[in-house]
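These notes concern the structure reproduced below.
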Amino acid sequence: MCVTGVHPHSALPQKTNYNFDRECLNTTVVSLHPEIVSGQIPTQATSRLIHFGISQILTRPFHVEPRNIVEDTPSERVTAEAAVLSSRVHYYGRLTASADRLLSPPDHVIPCPEEIYVYSPLGTAFKVTGGDGVSKNPSIITIFAIWNTMMGTSILSIPWGIKQSGFTLGIIILILMGLLTLYCCLRVLKSPKSIPYIDTSDWEFPDVCKYYFGTFGQWSSLLFSMVSLIGAMVVYWVLMSNFLFNTGKFIYSNGISAPCQLSDGYSGYYGNNTTDTDLFDRWWSKTNTIPFYLIILLLPLLNFRSASFFARFTFLGTISVVYLIILVTMKAVRLGFHLEFHWFDSSEFFVPEFRLLCPQLTGVLTLAFFIHNCVITLMKSNKHQENNVRDLSLAYLLVGLTYLYVGVLIFATFPSPPLSKDCIEPNFLDNFPSSDILVFVARTCLLFQMTTVYPLLGYLVRVQMMSQIFGKHYPGFFHVLTLNIIIVAAGVCMARFYPNIGSIIRYSGATCGLALVFVFPSLIHMMSLKRRGELGWPSGLFHSLLIVLGVANVAGQFFM
């Protein structure tokens, strides 16, 4: 998020618009903040924050399009007051060094609150009105905002992950991973406050990493953030290809018969699927043609300068998750439970309760519980900051219960016999035929939702990468087009040759989680305690064990 002291309704020349470096380095976590998209901005515009922010001004320009301003009617004329104020701020910005507070702008140069606007990278400016109680959310809103942010495509792979680890061990791992990721998330939330003598009220976790680890912390946090974002985009491409294929099949022939299709609505797969080689199947193939058709739709959308239009549809994610829960409940009521407990040996229809493939579930869950890169921003909007720990814990509890509900019900109700539990697909919707009307609705909703979210993810990748390399969000059309072609090519290749979303999720989740979930939060906490002389061997041993678990989580994806 960028703050300008010049009224953005005035179309100022490019040379008189400036943004704050520290805020703009963290556009990803701000863009992911659903409150920013909806216009409910956490009010942090205290005089101390503004005083600190203006001292960080860069000479690099940015421009707020008048059509994106919320509330008032935009003006196309530059006022004299705006021009003078901008010149003063620019002057003091050149004088002020990052460690020099003596040359900070005096109070009469700092814009008054009614002239302060917050600019979201999603393309909208919002007025900051000040006051401690403005734009703050009650605990219940904060909890569900975190739940909504954390719920993603990982929910489709939870039943598959439970199957890979075994039913009993899968439940245990899900609970333990929820507790571990919650603890690491609390360490991230508290990390800015552990830094003494520095105003960290507007810091995000990448700023903390840069403070402790320097340039390495800054670039490594960017690298692992790119892994999570691009990994999510690849998963989206595979899923969109899948959903578009099944939607087209439903519309064309009102469903097809899978090899092991049952009258109760489930289908299983034994060996290779053989289909008729008619004209429709030749041009409507899940791996051969559909991934390329999506290029026509999505590549132009990725090149938009602003993603504000797509941000309007973020509510569809909540609707899709709620519908999935309803769908799973209805299927469970209809099918009943099919469980047998074989603790270490498999049978013809049932997998053992404890399997050596359990690291595959830990990789999926690392991404499923991942919110560490934006938790600080999300919690800033909480009305009662003293309840942050409680509210974050309740949000994790709600997320964990949702994953447990979907994963356990899908695994338990999967009809075994006649199908084996090993037939559970990485995307559990693939176990239902295209002719199932309830599943068709779910696929259609998810397809539309992912079509609107995919450009947002691409925008966040562009903002982070281009800002670090070129110093601006949109260095040029060909720069952006080249980046987008690389991202799209990665999605097409995976959808064409390796359309296994479970494996893609676990690899990307374990990789980004290594740094942002386990290593950096643990190291920062130990370094903070050591500087205060409070680091004891129990704490050092526990947090070192967390780092070892993070490394083992990544290694397990390649050996299991």
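Position 1 is the first residue of the sequence; numbering continues from there. Values in this document were obtained by computation on a predicted structure and should not be read as measured data.
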Look at the side chain of R443 and the backbone N and O of L429, then say whether any donor-acceptor pair between them is shorter than 3.5 Å. yes
Let me check something: any side-chain donor-acceptor pairs from residues 551-558 under 3.5 Å, sequence neighbours excluded? List them with distances.
{"residue": "N553", "atom": "OD1", "partner": "T362", "partner atom": "OG1", "Å": "2.7"}
{"residue": "N553", "atom": "OD1", "partner": "Q557", "partner atom": "NE2", "Å": "3.2"}
{"residue": "N553", "atom": "ND2", "partner": "T366", "partner atom": "OG1", "Å": "2.9"}
{"residue": "Q557", "atom": "OE1", "partner": "R506", "partner atom": "NH1", "Å": "3.0"}
{"residue": "Q557", "atom": "NE2", "partner": "P359", "partner atom": "O", "Å": "2.8"}
{"residue": "Q557", "atom": "NE2", "partner": "N553", "partner atom": "O", "Å": "2.8"}

Closest heavy-atom pair, I487 versus Y454, reported as atoms and distance to 0.1 Å, is CG2-OH, 3.9 Å
Tightest non-hydrogen contact, residues I524 and S191, listed as CG2-CB, 4.3 Å
H525 ring center near F520 ring center (under 6.0 Å): no
Can you see which heavy atom on L299 is nearest to which on N303, and at what distance? O-ND2, 2.7 Å
Could you tell me which residues satisfy ring-ring contact (aromatic ring centres under 6.0 Å, His included) with Y396, sequence neighbours excluded, listed by chain and number? F369
Tightest non-hydrogen contact, residues T289 and W283, listed as OG1-O, 3.1 Å
Dump the intermediate steps for salt bridge (Lys or Arg N to Asp or Glu O under 4.0 Å) on K380 and E204, then the final yes or no. CA-CA 11 Å; K380 282 180 181 179; E204 297 293 344; 3.7 Å; yes
Is the backbone N or O of N500 less than 3.5 Å from a side-chain atom of S503, with the two atoms forming a donor-acceptor pair by type? no
How long is the straight-line distance from CE of M465 back to OG of S225, given to the nearest 0.5 Å? 9.5 Å
Taking only residues two or more places apart in sequence, or in another chain, which ones meet F477 in a ring-ring contact (aromatic ring centres under 6.0 Å, His included)? none
Polar side chain donor-acceptor pair, Q385 to N382, under 3.5 angstrom: no
More than 12 heavy atoms from other groups under 6.0 Å of OH on Y474: yes
